[in-house]
Amino acid sequence: MLELEATNTHLYPGATGAILSGAPGDGPVILRFADGGGATGTLSGEVLQIAPFTTAAGTEIAAKSWQIAFDGDRFRITARAAP
C-alpha cells in the first residue's frame with residue numbers, strides 16, 4: 001500500500017507532497033492532508049483516483065481523479081484526469 005502526504009488540505013494541479021511509505025505502483029493508496037484529514041484511493045499507472053472525503057474543517061470533497069508524477073520520494077499532481 002502506498003501512503004502519501006500532501007502539503008495542502010486538498011489536491012489540485014501543481015499540488016505536491018511526499019511518499020511516507022510504500023512504492024508507486026498499481027494498488028490502494030492512503031492520502032494524508034496538511035490539516036490532519038485523509039482519504040483513500042487507488043493508483044493505476046499515472047492516475048490517482050481519490051474516494052469522496054471530508055476535510056478536517058468539514059468540507060465534503062467529491063471523488064476525483066488526478067494525473068500524478070513521482071520523483072524519488074516526492075509526488076506532484078500534474079492535471080485533473082477523466083473519472
Side-chain angles (χ1 to χ4, degrees):
M1 181 178 308
L2 180 62
E3 186 176 7
L4 304 175
E5 182 176 57
T7 57
N8 207 318
T9 60
H10 60 285
L11 296 179
Y12 52 89
T16 62
I19 297 173
L20 296 179
S21 65
D26 292 358
V29 174
I30 294 176
L31 182 60
R32 305 205 185 282
F33 294 103
D35 65 356
T40 60
T42 304
L43 182 63
S44 180
E46 296 179 351
V47 176
L48 175 64
Q49 297 174 321
I50 299 296
F53 68 96
T54 303
T55 67
T59 303
E60 293 182 14
I61 306 292
K64 295 181 182 169
S65 296
W66 302 98
Q67 289 290 131
I68 189 169
F70 294 96
D71 184 16
D73 64 350
R74 305 288 302 166
F75 73 88
R76 180 177 179 85
I77 301 298
T78 59
R80 180 88 184 264

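All residue numbers in this chain count up from 1 along the given sequence.
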Is any side-chain heavy atom of [X] less than 4.5 Å from a side-chain heavy atom of [Y]?
| X | Y | result |
| --- | --- | --- |
| Gln67 | Arg80 | no |
| Leu11 | Ile50 | yes |
| Thr7 | Arg74 | yes |

Backbone N or O of Ala18 within a donor-acceptor pair of the Asp73 side chain at under 3.5 Å?
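No; judged by distance alone, with no hydrogens or angles, the pair does not exist.
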Side-chain donor or acceptor of Thr54 paired with backbone N/O of Gly58 under 3.5 Å
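Pair absent, no side-chain N/O of Thr54 close to backbone of Gly58.
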Got a second to check how far [X]'s [atom1] is from [Y]'s [atom2], nearest 0.5 Å?
| X | Y | atom1 | atom2 | answer |
| --- | --- | --- | --- | --- |
| Thr55 | Glu60 | OG1 | CD | 9.0 Å |
| Thr42 | Asp26 | OG1 | CG | 9.5 Å |
| Arg32 | Glu5 | CZ | CD | 8.5 Å |

Taking it one step at a time, do Asp71 and Phe75 satisfy side chain to side chain contact (heavy atoms under 4.5 Å, CB included)?
CA-CA 6 Å; Asp71 184 16; Phe75 73 88; over 6 Å; no
Give a yes or no on whether Arg76 atom CZ has more than 12 heavy-atom contacts from other residues, nucleotides or ligands under 6.0 Å away.
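For Arg76, atom CZ is not crowded (no more than 12 foreign heavy atoms under 6.0 Å).
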Of all heavy-atom pairs between [X] and [Y], which one has the smallest distance, and what is that distance?
| X | Y | result |
| --- | --- | --- |
| Ala51 | Ala39 | O-CB, 4.5 Å |
| Thr9 | Phe53 | O-CE1, 4.5 Å |
| Val29 | Leu4 | CG1-CD1, 4.0 Å |
| Ala69 | Thr78 | CB-CG2, 3.9 Å |
| Ala63 | Pro52 | CB-CD, 3.7 Å |
| Val47 | Ser65 | CG1-CB, 4.2 Å |

Decide whether [X] and [Y] are clustered together by the hydrophobic rule: side chain heavy atoms of Ile, Leu, Val, Met, Phe, Trp, Tyr closer than 4.5 Å, transitively.
| X | Y | answer |
| --- | --- | --- |
| Ile30 | Ile68 | no |
| Phe70 | Leu31 | yes |
| Ile61 | Phe33 | yes |

